[in-house]
Amino acid sequence: MSEKNQHHRLIILGSGPAGLTAAIYSARAILNPVVVSGREAGGQLMITTDVENYPGFPEGIKGPEMMELLKEQALRFGTKFLSGDVIEVDLRQRPFKLNLENKDTLTCDSLIISSGASARWLGLDSEKEFSGKGVSACATCDGFFFRDQDVGVVGGGDTALEEALYLANMCKSVTLIHRRDELRGSKIMQKRAIDHEKISIFWDTVVEEVVGNPKDGMTSLKVRNVKTDEVSEHPFTGLFIAIGHTPNTSLFKDQLELDENGYIQVTPGTTYTSVEGVFASGDVQDHVYRQAVTAAGTGCMAAIDAERWLAEHFG
């Protein structure tokens, strides 16, 4: 029987900061964890150029480099890694059963879900081309790089308003780009944004194209008014997409308790899910902070919760 078809005490789904931190802690506790890293190994930090807000890196660090260091640390303590995606899970039976896309089947006594959340994008080729070179989906992560610059924020809900207000503290100007003629965020957030001297709004407007070049990155933005069809170009060096995130939880839809937006619900102060022996960490259960450092913190919590649960139930 291949390694992949053997039974494991603990399987971790996902290889971002949450999953790899869970792997480091659980491997040091001699739980012999197996990480199923998925096709997008390393999570969202793999498309992040410079990480300057993670403690311990005073000069900053490239996102992919940071994930490689975390993986090396997990390997050092004996973590095993499997590539590929899980396409089906059965949490109704014990041991838990996971089917991979390559037809391998895994079983485990406990499971840590760290599958993350994916930012919703506009779907433009130019948006993808300038991702990390002016285009971002996280103001808290990348806003610092746009000090005293003119930036745009796409969206009209609370997320977009929060991002705009955050950026207004450091940017020269912030322009909200919203496809409708009224905002969807809470009244108090709307008032704060509309009243802010640095924030202006393009109503009834969508992004047509991110303009730039390889040397300078993004230099301007072509937008279209949806009522008049008029296209105009404006000098922006940053564009923040704030139209929400989608948690990667479709596998667990009818097996775990999810909130109305699809995030896994955990017992407050823990990583326990609605199924005994299943734990959740990182952005898959956090729609508020969505930071590498908070994901790593909950990865640590999940490993400790799983270790204690396994000791209690399996000795």
Side-chain angles (χ1 to χ4, degrees), residues 44-53 60 62-63 118-185 189-245 290-291:
Q44 293 187 65
L45 280 185
M46 295 301 287
I47 57 169
T48 303
T49 49
D50 294 302
V51 180
E52 290 193 334
N53 56 5
K62 302 291 184 188
S118 301
R120 295 182 194 140
W121 297 94
L122 301 175
L124 302 171
D125 289 340
S126 57
E127 168 193 50
K128 194 179 298 181
E129 181 184 352
F130 290 99
S131 177
K133 301 167 189 170
V135 178
S136 170
C138 180
T140 316
C141 312
D142 299 325
F144 187 77
F145 299 114
F146 296 89
R147 296 183 306 285
D148 301 319
Q149 298 180 40
D150 300 303
V151 303
V153 175
V154 179
D158 275 340
T159 300
L161 296 173
E162 286 168 10
E163 302 260 281
L165 286 162
Y166 176 83
L167 290 165
N169 290 323
M170 60 191 75
C171 295
K172 183 180 176 184
S173 74
V174 179
T175 302
L176 264 173
I177 302 166
H178 187 41
R179 64 184 306 124
R180 297 181 178 84
D181 58 7
E182 61 180 4
L183 298 169
R184 293 176 291 109
M189 292 297 289
Q190 288 190 43
K191 182 171 179 6
R192 284 178 188 165
I194 290 169
D195 290 348
H196 201 291
E197 60 180 7
K198 284 190 180 180
I199 297 175
S200 56
I201 304 175
F202 286 172
W203 301 103
D204 304 310
T205 300
V206 295
V207 174
E208 285 283 285
E209 184 185 353
V210 180
V211 181
N213 58 70
K215 179 176 175 287
D216 303 316
M218 175 183 166
T219 56
S220 63
L221 205 58
K222 287 183 180 177
V223 299
R224 177 173 59 85
N225 185 294
V226 296
K227 289 187 174 175
T228 66
D229 247 6
E230 180 187 350
V231 176
S232 56
E233 188 169 341
H234 305 269
F236 293 119
T237 50
L239 178 66
F240 291 84
I241 313 298
I243 54 176
H245 288 72
R290 294 196 301 265
Q291 298 298 301

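What's counted below: heavy atoms across the whole structure, side chains too, no hydrogens, waters or symmetry copies.
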A.B. asks: Just so I know, are the side chains of Glu127 and Val207 near enough to count as touching, which here means a heavy-atom distance under 4.5 Å?
C.D. replies: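 Contact flag for Glu127/Val207 side chains = no.
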
A.B. asks: If you count every heavy atom of other residues, nucleotides or ligands that lies below 6.0 Å from Arg224 atom CZ, does the total exceed 12?
C.D. replies: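 Counting neighbours around CZ of Arg224, more than 12 heavy atoms of other residues, nucleotides or ligands fall under 6.0 Å, so yes.
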
A.B. asks: Look up atom CD1 in Ile243 and atom NE2 in His178, then write down how far apart they are to the nearest 0.5 Å.
C.D. replies: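 NE2 of His178 is found 11.5 Å from CD1 of Ile243.
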
A.B. asks: Assess the residue pair Val210 and Glu129 against the criterion (side chain to side chain contact (heavy atoms under 4.5 Å, CB included)); give the C-alpha distance rounded to whole Å, side-chain angles, the decisive distance to 0.1 Å, and a yes or no.
C.D. replies: CA-CA 9 Å; Val210 180; Glu129 181 184 352; over 6 Å; no

A.B. asks: Angle between ring planes, Phe146 versus Phe240, binned at 30° and 60°: parallel, tilted or perpendicular?
C.D. replies: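 The rings of Phe146 and Phe240 stand perpendicular, inter-plane angle above 60°.
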
A.B. asks: Quick one: does any side-chain atom of Arg120 pair with a main-chain N or O of His245 as donor and acceptor, under 3.5 Å?
C.D. replies: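 Pair found, side chain donor or acceptor close to backbone of His245.
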
A.B. asks: Give the intermediate values and the outcome of side chain to side chain contact (heavy atoms under 4.5 Å, CB included) for residues Trp121 and Lys128.
C.D. replies: CA-CA 9 Å; Trp121 297 94; Lys128 194 179 298 181; over 6 Å; no

A.B. asks: Kindly determine whether Lys198 and Val174 satisfy side chain to side chain contact (heavy atoms under 4.5 Å, CB included), including the steps that lead there.
C.D. replies: CA-CA 6 Å; Lys198 284 190 180 180; Val174 179; 5.6 Å; no

A.B. asks: With rounding to the nearest 0.5 Å, note down the distance linking CD1 in Ile199 to CG in Asp195.
C.D. replies: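 One gets 10.0 Å once the value is rounded to the nearest 0.5 Å.
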
A.B. asks: Under a 4.5 Å cut-off applied to non-hydrogen side-chain atoms, are Leu221 and Ile177 in contact?
C.D. replies: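 Answer yes - side chains close enough.
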
A.B. asks: How close do Met218 and Val135 get, counting heavy atoms only, and between which atoms?
C.D. replies: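 Taking every non-hydrogen atom into account, SD-CG2, 4.4 Å.
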
A.B. asks: Could you state the interatomic distance from CD (Glu182) to CD1 (Ile201), rounded to the nearest 0.5 Å?
C.D. replies: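 Nearest 0.5 Å value for the CD-CD1 distance: 11.5 Å.
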
A.B. asks: Which heavy-atom pair separates Asp150 from Ser173 by the least distance, and what is that distance?
C.D. replies: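 Closest heavy-atom pair between Asp150 and Ser173: OD1-OG, 2.6 Å.
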
A.B. asks: Drop me the distance from Ile241's CD1 to Leu124's CG, to the nearest 0.5 angstrom.
C.D. replies: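 Ile241 atom CD1 to Leu124 atom CG measures 8.0 Å (nearest 0.5 Å).
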
A.B. asks: Do Ser232 and Val223 have side chains that get closer than 4.5 Å, going by heavy atoms?
C.D. replies: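 Yes. Closest side-chain heavy atoms under 4.5 Å.
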
A.B. asks: Heavy atoms only: give me the nearest Cys141-Asn53 pair and the separation to one decimal.
C.D. replies: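 Minimum heavy-atom separation between Cys141 and Asn53: CA-ND2, 4.1 Å.
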
A.B. asks: Please test Thr140 against Gln291 for side chain to side chain contact (heavy atoms under 4.5 Å, CB included), starting from the C-alpha separation and ending with a verdict.
C.D. replies: CA-CA 8 Å; Thr140 316; Gln291 298 298 301; 3.7 Å; yes

A.B. asks: Taking C-beta and beyond as the side chain, do Val211 and Glu233 meet within less than 4.5 Å on heavy atoms?
C.D. replies: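 Answer yes - side chains close enough.
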
A.B. asks: Determine whether a donor-acceptor pair (N or O, by modelled atom type, separation under 3.5 Å) exists between the side chain of Asp204 and the backbone of Asp181.
C.D. replies: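 Yes; judged by distance alone, with no hydrogens or angles, the pair exists.
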
A.B. asks: Grab the two heavy atoms, one from Gly155 and one from Leu176, that are nearest each other, plus how far apart they are.
C.D. replies: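 Looking at all heavy atoms of both residues, the shortest contact is O-CD2, 3.5 Å.
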
A.B. asks: With a 6.0 Å cut-off (strictly less than), is the heavy-atom count around CG of Asn213, excluding the residue itself, greater than 12?
C.D. replies: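 Atom CG in Asn213 is packed in, count exceeds 12.
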
A.B. asks: Check for a donor-acceptor pair, side chain of Gln190 on one end and backbone N or O of Gly185 on the other, with a separation under 3.5 Å.
C.D. replies: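 Side chain of Gln190 to backbone of Gly185, a donor-acceptor pair under 3.5 Å: yes, one is there.
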
A.B. asks: Are the side chain of Thr205 and the backbone N or O of Trp203 linked by a donor-acceptor pair below 3.5 Å?
C.D. replies: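 Looks like yes, one N/O pair under 3.5 Å.
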
A.B. asks: Return the minimal non-hydrogen interatomic distance between Pro235 and Ser220, and the atom names on each side.
C.D. replies: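 Of all heavy-atom pairs spanning Pro235 and Ser220, the closest is CA-CB, 4.0 Å.
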
A.B. asks: Keeping the roles fixed (side chain from Glu209, backbone from Lys222), state whether a donor-acceptor pair exists under 3.5 Å.
C.D. replies: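 Not confirmed, Glu209 side chain does not pair with Lys222 backbone.
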
A.B. asks: Does Glu163 reach the main-chain N or O of Thr159 with its side chain, forming a donor-acceptor pair under 3.5 Å?
C.D. replies: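 Absent.
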
A.B. asks: How far does CG of Leu239 sit from NZ of Lys133, to the nearest 0.5 angstrom?
C.D. replies: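 Rounded to the nearest 0.5 Å, the CG-NZ separation comes out at 15.0 Å.
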
A.B. asks: Checking Arg192 side chain against Met189 main chain: does a donor-acceptor pair fall under 3.5 Å?
C.D. replies: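 Checking the backbone N and O of Met189 against the side chain of Arg192, no donor-acceptor pair under 3.5 Å is found.
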
A.B. asks: Any chance you could measure Leu183, atom CG, to Ile194, atom CD1, to the nearest 0.5 Å?
C.D. replies: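 So the gap between those two atoms works out to 5.5 Å.
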
